[in-house]
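Labels below follow one simple rule: chain letters A, B, ... track the order of the sequence lines, proteins then strands, and each chain is numbered from 1.
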Amino acid sequence: MTEILRTEGLSRYFGAVVAAEDINVTITEGEIVGVIGSNGAGKTTFINMVTGYLPPSAGTIAFDGSPIKGLGPRKLMRKGLSRSFQIPQLFLELSVLDNLSMALSASESRHLEMMRPVRTPERIAAADEILTQMGITQYREEMVTAMPQGARKLLDIAIAMLANPRMLLLDEPTSGVSTEEKHTLMDTVMEVVKRRGLTVLFVEHDMEIVQKYVTRVLAFASGVVIKDGPVEEVLADAKVQELVTGKRRGKNIETQEGGA
Amino acid sequence: MGLQKSEIMLVAAALAIGLLSFVIPDWLAFTTTLAIASALVVLGVVMLMRAGLVSFGQGLYYCIGGYAVGMGGRFLGVTDALLLIGMGVVVTVALAMVLGLLLTRYREIFFAMLTLAFSMILYGILVKSHNLGSTDGFGVGDWTLLWFDPEGGKGSRTVLWLATGVGLAVALFLNRYFGSSMGLACEAIRENEVRVEYMGMSRRQILYINYVIAAAIGSVGGSLTSLAAGHVDPTMAYWTISGEFVFIALLGGTGHVAASFIAAMIFIMVRTYAVELFPNSWQMILGIVLLMIILFLPKGIWSLFTRKRRVAS
Ligand SMILES: Nc1ncnc2c1ncn2[C@@H]1O[C@H](COP(=O)(O)OP(=O)(O)OP(=O)(O)O)[C@@H](O)[C@H]1O
Ligand SMILES: [Mg+2]
C-alpha cells in the first residue's frame, strides 16, 4: 500500500472565516474515500487546495511523495491529479465531442498543434469509448447547453478521466441529479474508476451513496475533519450524527450552489 | 471532409479573382484589393473574438504594416513588395511579443481599452513625426514584385494579384488553424478558463500565440493597403479604423474565414455608395446596418449560408 496523497496542517482562511483548518489526511493508492459534511463545512475548499486552485493559508500537501503546494492546476494535472466540479466546468457552446477532443489533445502534449484537425480518428475513437462507458453517446454532436444536468456531470467527470490521472477528486458528482438517477450515475462512474484502477476521493451528501461505494469516510464540520475512518464507524459516531448526518438528511441536498 | 471542401472553395475563389482581374475596371480592382487587405486585419480581430477578446486597436499593426512599406522604400531603398511586407511582419511580431505579455493578462473591456490605447500611442507618435509627414503622412515609393514591375498602367492589377495570393495563403492557414487544437483551445478559453487550466493547458500561452499571429496578419493587411493606395498616414492607427475592423468582423461573424472577405467587400461597397448618396448621414446607415446584424444575424452574415444548408439537409 503506497501513499498517494498526504496533507499536513492544511488550512485556509477567508478573512475571519475558517474554511478549512489543520487538515491531516493520508490516502493510499487505490482507496475510494468519501467526504461528508454540511454546507460550508470546507469540502470544496479542501479539494480546491489539493488541486492547486486555491493557495492554502498554511500547511503542506504531498502527492506521490513530493510536495505540490504552490503548483497550479496545470502542473498537477500533468502529475496525475485530476478533478471534477460541484458545478460542471464545461465549454458550453462547444459540442460534446469538441469538449472531449480538446481534453484529449491537451493531455497528449503541452504544445498544441496548429495545422492538424483537433478531431483526429484516434481522438474520436477515444472520445467515443468514454462516451459509451459513461452512457452519454446520444449527446455526442450536441452542444453542452443541450444536455441535462446529470449528463453534464458525467461529461465533467469523463473529461477529468481523459487526463489519465492516478487520483481523481470528485466534488459532489451527484448534486443536481434526481434521486433515482444518482445510483445509476455512480454505478457508471465507479465502474470506470475500477476499470482504470484510480484512487478516488468524492464529496457526497447522500449517505446511502456513501455507504454503497466507499470504504473510508472523512467527516468535515466547520472546516475541521471531525472523524476519519471506516464507513460504519464514522456514520455511527455521535458527533458526526449531530453535525453532519442527523439533521440534514433529506434537507438541502438539492440546493448546492457556489464552489469552484 | 468539410475542410477539404473549404480549401477547394477558397482556391477557386482566388482563381476567379485572378481571372476576373483582366476584365474588371480599375476602380473595382482597387476596391477588391482594399477589401482583401482589410479582411486580413479583420481575420486577426476574428481570431481574438474566437478567444472571447475584442480588440479596438488592431489598427496598430495595420499601421505598422503600412508604414513599414512606406519607410522601407523611403529610408532603406527596399523596393520588393514581399520584402517590404516581411519587414512589417518582423517589426509587428517583435512589438506584439512584448505587448502580448501584458495584454494576455486582461479580458473584456480592459483588453479592448488597452489595445485601443496602444494604437492611439502610435497615432500620437506619428502625428508628431514631422519627417514622416505628420498628419498628412507620405507617399509610398515605386515597388516591384519579384520579376514584375507594376508600372506601365498595370499597377492596380499586380497588387490585386499579390493581395489575392497572400490572402489565399492566410485564408488556407487560418482555415486549418480554426479547426486545430490551438484554434479550439482559443474557443475553449472563451467558454471556460477554469476548465482550460484543469485540462493542463496554459491560457496565457495560447492567448499569446494567438495574439501574435493575429498581429502579424494585420500587419500584412496594412502593407497591402499601402502598396495599393500608394500612401500612408497616421489615421491607419486611429481608433475609428480599428472600430471598422471590429464592425466588419461582426458583419462576417466567426464561422468561416471566407466570411471576413465577403464582409469586407460588402462594407467597402456600402460605405462607398452611402458616402456618395448620403454624404452627411452615411455613418448612420452603417450604424443601422450593424444594429440589424446584431439583432437578426448575431453570428454574422455567414449564418445565412449555414442556415440554408441546415434547412436543405
Ligand atoms: N472564495 C471564498 N471567499 C470567501 N469565503 C469562502 C470562499 N470559498 C469558500 N468560502 C467559505 O468557506 C467555507 C467553506 O466553503 P466550502 O465551499 O469549502 O464548503 P463546502 O463544504 O464545499 O459546502 P457545500 O456543501 O455547500 O458545497 C464557507 O463558509 C464558505 O462561505
Ligand atoms: Mg462544496
Side-chain angles (χ1 to χ4, degrees), chain A residues 47-48 51-54 71-85 87-95 97-120 123 143-145 155-156 159-160 162-165 169 171 259-260, chain B residues 1-7 47 49-52 169-214 216-217 253-255 257 298-299 303 306 310 313:
Chain A
I47 291 185
N48 283 346
T51 60
Y53 187 70
L54 199 61
L71 300 184
R74 229 184 321 141
K75 293 231 169 78
L76 294 177
M77 284 281 312
R78 303 209 173 275
K79 284 184 177 286
L81 195 59
S82 192
R83 75 172 289 188
S84 76
F85 297 83
I87 294 165
Q89 299 292 312
L90 301 164
F91 309 132
L92 293 179
E93 303 258 319
L94 299 183
S95 73
L97 195 53
D98 277 344
N99 271 263
L100 295 170
S101 303
M102 191 75 259
L104 286 160
S105 171
S107 73
E108 284 161 21
S109 155
R110 78 188 63 199
H111 297 291
L112 299 173
E113 294 162 339
M114 289 192 202
M115 298 297 281
R116 222 158 65 98
V118 64
R119 289 187 180 195
T120 59
R123 285 185 200 137
M143 271 199 217
V144 174
T145 45
L155 180 59
D156 194 53
I159 287 172
L162 287 182
N164 281 321
L169 296 97
D171 197 353
Chain B
M1 296 302 104
L3 200 83
Q4 283 284 326
K5 219 172 74 190
S6 284
E7 288 176 356
M47 287 172 77
M49 273 186 182
R50 287 172 73 100
V170 171
L172 288 175
F173 165 70
L174 285 182
N175 187 52
R176 292 257 176 134
Y177 179 88
F178 287 154
S180 72
S181 297
M182 186 70 192
L184 188 63
C186 291
E187 293 193 79
I189 289 173
R190 178 193 71 212
E191 291 296 316
N192 191 330
E193 298 199 22
V194 172
R195 179 45 94 186
V196 166
E197 286 284 314
Y198 271 105
M199 279 183 177
M201 296 184 281
S202 162
R203 293 172 289 170
R204 286 199 64 192
Q205 187 192 30
I206 294 163
L207 290 177
Y208 185 74
I209 294 170
N210 192 56
Y211 177 79
V212 173
I213 297 175
I217 293 173
T254 58
V257 282
K299 300 209 161 164
S303 50
T306 47
R310 209 165 289 159
S313 64

Under 4.5 Å from any heavy atom of chain B - which part of [X]:
X      : value
A/R78  : side chain
A/D156 : both
A/T51  : both
A/A103 : both

Does [X] reach the side chain of [Y], with side-chain heavy atoms less than 4.5 Å apart?
X      : Y      : answer
A/I159 : B/Y198 : no
B/L184 : A/F91  : no
B/E187 : A/D98  : no
A/H111 : B/Q205 : yes

Open item on the list: Checking the side chain of B/E191 only, and the main-chain atoms of A/E93 only, is there a donor and an acceptor separated by less than 3.5 Å?
Closed with: yes
Task: Side-chain (B/R195) to main-chain (A/Q89) donor-acceptor, under 3.5 angstrom - done: yes
- [ ] Below 4.5 Å from any heavy atom of chain A, which atoms of B/I213 appear? Answer side chain, backbone, both or neither.
- [x] side chain
Out of curiosity, [X] [atom1] to [Y] [atom2], how far, rounded to the nearest 0.5 Å?
X      : Y      : atom1 : atom2 : value
B/M199 : A/L104 : CE    : CG    : 8.5 Å
A/M77  : B/E197 : CE    : CD    : 10.5 Å
A/M102 : B/M201 : CE    : CE    : 4.0 Å
A/L112 : B/N210 : CG    : CG    : 11.5 Å

